[in-house]
Protein chains: 2
Amino acid sequence: MKTPTGDQALIKRMNTAIVLESVLQGAPLSRADISALTGLNKATVSSLVQDLIDSGLVREIGTGQSSGGRKPVLLEFVAESGYAVGVDLGVNYVRGVLTDLRGGVAVERTAQLDKTSPDEVFGILRPFIQSLIDEAPESAFGVVGIGVGVPGLVDRGGAVLYAPNLGWRDVPLQDALNRAFGIPVLIDNEANVGAIGERKFGSGRGIGSMIYVSVGMGIGTGLILQKELYKGAAGFSGELGHLSIEASGPPCRCGNRGCWELYASEQALLVRAAEAGIGEGTLDSLLALAERGDEQTRALFNGIGESLGVGIANIVNVFNPEAVVIGNTMSRARPWLEEAMSHTTEARALNFHLRGIRLLFAELGDRSAVMGAAETAIAAFFKRLRSA
Amino acid sequence: MKTPTGDQALIKRMNTAIVLESVLQGAPLSRADISALTGLNKATVSSLVQDLIDSGLVREIGTGQSSGGRKPVLLEFVAESGYAVGVDLGVNYVRGVLTDLRGGVAVERTAQLDKTSPDEVFGILRPFIQSLIDEAPESAFGVVGIGVGVPGLVDRGGAVLYAPNLGWRDVPLQDALNRAFGIPVLIDNEANVGAIGERKFGSGRGIGSMIYVSVGMGIGTGLILQKELYKGAAGFSGELGHLSIEASGPPCRCGNRGCWELYASEQALLVRAAEAGIGEGTLDSLLALAERGDEQTRALFNGIGESLGVGIANIVNVFNPEAVVIGNTMSRARPWLEEAMSHTTEARALNFHLRGIRLLFAELGDRSAVMGAAETAIAAFFKRLRSA
DNA sequence: CTTAGTTTGTCTATTGGCTAAACTAAGTTT
DNA sequence: AAACTTAGTTTAGCCAATAGACAAACTAAG
């Protein structure tokens with residue numbers, strides 16, 4: 001029986017979390033507002049707010065408008081009571097942010113990555129992260145954690161099991177960073193943190209079930225189901241890039257055949273462009289051509305859009321999500337993809353599932369993953385607060 | 001702020017639920033055992049157990065072995081303190097059970113269904129359910145609810161939005177049954193209740209994430225993720241039968257192309273058998289042929305097994321579940337399907353995701369759905385207990 | 001057949017969080 | 001200025017869980 005038993009301390013933690021949550025959501029509001037909002041007694045709210053003020057998470061910011069009686073004392077969350085580091089480890093770059101507890105970016109930094117062996121990457125990563133930590137202002141909680149997104153499979157213990165594009169196998173990144181910095185470190189797949197980033201700060205704000213499709217050289221996905229990131233039994237789910245859409249299609253390096261990413265990724269686009277002799281082997285060159293009105297290039301994007309739609313129709317049928325968000329590099333091709341993509345999805349998905357669904361593109365662009373990584377660390381901090 | 005705030009009543013409800021849960025799990029055990037198991041104080045356990053005894057959910061069943069001191073008084077859950085009705089509404093049959101609160105079957109009954117209009121079905125269903133209710137013995141809580149599985153899409157309010165095989169559209173079944181019997185009624189898709197049945201009573205016992213694939217004339221699926229039935233945003237997810245496995249395959253009645261169920265369902269088997277001039281157009285005849293060693297028939301099953309494997313590989317890559325359970329009529333063809341199915345799945349799914357996965361067949365056979373329907377009603381009863 | 005030691009389950013006093021109601025503080029309205 | 005409103009605090013009481021004392025019922029050793 002692992003279930004934690006209920007006692008008074010639990011109640012207090014729960015109610016404190018509820019009060020903190022209302023301050024986070026409701027921005028400037030008074031103790032009376034919180035009481036009305038939550039149903040908690042005014043006295044209870046007063047007491048819990050005092051605790052939060054003492055801990056530094058909440059502060060009073062003067063009085064508000066009277067509505068016929070004593071003026072309310074307005075409260076707000078102290079975003080600068082702590083900081084978090086978010087890192088997006090790419091195949092040839094590292095991007096990092098230092099954010100406050102509301103996700104406000106204090107420092108942002110990018111570095112090149114030309115070597116990819118675990119040791120070399122760690123040699124770059126360590127001072128990179130340290131420099132972000134060093135820039136954090138004095139605060140009540142200090143730097144509360146480090147979140148990292150990596151292009152590969154990550155197990156529950158934060159070890160990178162397999163990252164083909166980095167050439168990594170079984171790299172215990174979380175352990176290493178944990179030892180180096182002595183603060184909580186969370187490692188997750190790039191698509192998973194991207195999903196978290198878009199849901200918290202981007203186009204998926206407030207959405208309960210959302211599938212984030214990271215379309216870069218491959219296709220990765222992050223599944224947010226019932227407001228939570230879904231991970232499979234072993235911690236790695238959502239390899240929708242390797243969902244086969246042509247059972248008898250060409251073999252994929254994963255062992256399967258006709259995988260979605262063979263048809264709908266940046267890689268697929270570049271291969272097709274090369275076959276047709278268009279562009280210079282880069283997404284940028286193709287985007288420029290499409291921009292200039294080149295019909296052949298636009299047809300190419302159109303085809304990718306259709307293939308995206310085929311996979312999205314599957315996703316919609318399987319998950320019946322509120323939204324599908326397309327992110328990563330290919331989101332820049334939105335103008336040339338969107339119509340074919342939406343059209344194909346609508347033609348193929350089940351009618352009932354399409355009701356009210358939203359097909360969106362990432363708002364944060366190439367920052368979905370860093371921001372999500374930071375948010376991961378912030379969320380873990382709040383979770384720790386709630387349970388202690 | 002909809003979150004229920006914490007107060008003492010909540011604590012008591014939580015702890016009562018914990019105590020009840022340990023009695024449910026641990027079968028005959030004493031108050032002292034519960035205290036040791038849960039960490040709750042002996043006095044607390046005593047008090048909560050007394051409440052449960054008073055309510056009729058728990059009873060003392062004499063003393064146990066002493067381990068050198070006073071003999072413990074053993075407790076057990078009173079399964080017969082209430083009853084539930086489970087109904088599996090098929091296209092041409094209705095199956096119903098009356099179970100106690102532990103899912104023990106007290107009465108089981110099946111009826112033919114030759115008419116399928118909502119009114120006609122309701123005319124049959126009403127006395128059918130009434131007769132089950134009438135057989136329930138006197139008990140503390142009486143018949144606590146009715147669960148129904150139907151072959152179609154069901155919305156959150158228990159209305160059948162679309163059931164092509166019954167020819168139903170927008171039939172408010174839950175409302176109708178609720179009014180007729182005045183006890184809680186829960187309607188869900190056949191595959192969803194089947195998943196619940198197999199997880200609770202069948203081959204998926206205790207498994208946290210499991211995909212139930214109901215392979216009948218079509219393919220339906222029930223997704224159990226993190227121990228909970230997953231429903232999409234609008235309440236209907238898991239149409240994995242309409243996951244396209246051949247983007248350029250033949251059109252499906254759903255509007256998409258190359259849907260899984262066109263390749264791997266009983267229907268697909270029968271179509272192929274007819275093309276090859278084998279059997280008499282029924283699954284039974286083909287099973288008999290395969291049994292007798294007919295090579296052509298076995299090859300047919302083998303092909304279906306491969307197609308099942310293609311879809312299962314997709315499922316495994318997407319959900320990384322602990323188990324996939326094949327249910328409904330086609331589970332009877334297990335001997336002729338299993339090898340090709342496992343082999344194809346292993347060849348196509350990502351290696352990491354295959355670790356420890358189990359490909360199972362339904363243990364309850366054609367009773368997965370009824371049992372799951374009953375369990376749905378039982379679970380709802382316990383949920384009500386916990387929140388009041 | 002005592003007597004000591006164990007184990008089960010209940011009783012009792014205490015703790016701590018929440019609440020209603022009274023109260024203080026600080027405004028607005030007429 | 002008097003009457004009313006609203007915000008936030010203080011007070012007394014409630015209730016569930018707990019530690020520890022205790023009674024009941026048993027085993028085992030001398």
Side-chain angles (χ1 to χ4, degrees), chain A residues 1 3-20 22-23 26 28-54 58-76 386 388, chain B residues 1 3-20 22-23 26 28-54 58-76 386 388:
Chain A
M1 205 83 353
T3 339
T5 63
D7 61 349
Q8 259 123 258
L10 172 69
I11 290 197
K12 185 163 191 180
R13 285 203 308 272
M14 284 180 53
N15 289 342
T16 306
I18 290 172
V19 169
L20 182 55
S22 26
V23 176
L29 80 183
S30 67
R31 292 167 173 81
D33 292 336
I34 298 176
S35 173
L37 211 60
T38 61
L40 288 166
N41 188 280
K42 289 193 299 171
T44 309
V45 172
S46 263
S47 153
L48 296 178
V49 163
Q50 193 52 55
D51 290 354
L52 288 170
I53 290 176
D54 290 346
V58 165
R59 72 177 151 224
E60 301 185 335
I61 50 163
T63 57
Q65 281 273 285
S66 159
S67 55
R70 174 173 165 180
K71 285 181 181 170
V73 177
L74 297 181
L75 303 167
E76 88 177 349
R386 272 199 300 277
Chain B
M1 203 86 351
T3 341
T5 62
D7 61 349
Q8 261 116 263
L10 173 69
I11 291 195
K12 187 161 190 180
R13 283 203 308 270
M14 283 180 55
N15 288 343
T16 306
I18 291 173
V19 169
L20 182 56
S22 26
V23 175
L29 81 183
S30 68
R31 293 168 173 80
D33 292 337
I34 297 176
S35 173
L37 209 62
T38 61
L40 288 165
N41 188 280
K42 290 190 298 171
T44 309
V45 172
S46 263
S47 153
L48 296 178
V49 163
Q50 194 52 56
D51 290 354
L52 288 170
I53 289 177
D54 290 346
V58 165
R59 71 175 151 224
E60 302 185 335
I61 49 162
T63 57
Q65 280 274 285
S66 160
S67 56
R70 173 173 166 180
K71 285 182 181 169
V73 177
L74 296 181
L75 303 168
E76 87 175 352
R386 272 198 301 277

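Values in this document were obtained by computation on a predicted structure and should not be read as measured data. In what follows, every chain begins at residue 1, and chains take the letters A, B, ... in the order their sequences are listed.
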Which part of the nucleic acid, if any, lies within reach of [X] when heavy atoms closer than 4.0 Å are counted: base, sugar-phosphate only, or nothing?
{"X": "B:K42", "value": "base"}
{"X": "B:V73", "value": "sugar-phosphate"}
{"X": "A:T44", "value": "base"}
{"X": "A:A43", "value": "base"}
{"X": "B:S66", "value": "sugar-phosphate"}

Whole-Å distance between [N] [atom2] and [X] [atom1]?
{"X": "A:R31", "N": "D:dT6", "atom1": "CZ", "atom2": "C1'", "value": "14 Å"}
{"X": "A:L74", "N": "D:dG8", "atom1": "CG", "atom2": "P", "value": "8 Å"}
{"X": "A:M14", "N": "D:dA16", "atom1": "CE", "atom2": "C1'", "value": "15 Å"}
{"X": "B:D51", "N": "D:dA16", "atom1": "CG", "atom2": "P", "value": "9 Å"}
{"X": "B:Q8", "N": "C:dG16", "atom1": "CD", "atom2": "C1'", "value": "8 Å"}
{"X": "A:R70", "N": "C:dC23", "atom1": "CZ", "atom2": "P", "value": "17 Å"}
{"X": "A:I11", "N": "C:dG16", "atom1": "CD1", "atom2": "C1'", "value": "10 Å"}
{"X": "A:I34", "N": "C:dT19", "atom1": "CD1", "atom2": "P", "value": "14 Å"}

DNA chain C: 5'-proximal contact among A:K12 and B:E60 (nearest heavy atom):
B:E60

When you match B:S47 and A:K71 each to their closest nucleotide on DNA chain C, which lands nearer the 5' end?
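Looking at DNA chain C, the more 5' nearest nucleotide goes with B:S47.
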
With rounding to the nearest 0.5 Å, note down the distance linking CZ in A:R59 to CG in A:L74.
13.0 Å

Straight-line distance of B:R31 CZ to B:E60 CD, nearest 0.5 Å
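B:R31 atom CZ to B:E60 atom CD measures 4.5 Å (nearest 0.5 Å).
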
Taking the side chain from [X] and the backbone from [Y], do they hold a donor-acceptor pair closer than 3.5 Å?
{"X": "B:S35", "Y": "B:L40", "result": "yes"}
{"X": "A:D54", "Y": "A:D51", "result": "no"}
{"X": "A:T38", "Y": "A:I34", "result": "yes"}

Check this one for me: any side-chain N or O of [X] less than 4.0 Å away from OP1 or OP2 of [N]?
{"X": "A:N15", "N": "C:dC18", "answer": "yes"}
{"X": "B:N41", "N": "D:dA19", "answer": "yes"}
{"X": "B:S30", "N": "C:dG9", "answer": "yes"}

Across every strand shown, the nucleotide meeting Watson-Crick or G-U wobble geometry with C:dC23 (both distances under 3.5 Å) is D:dG8

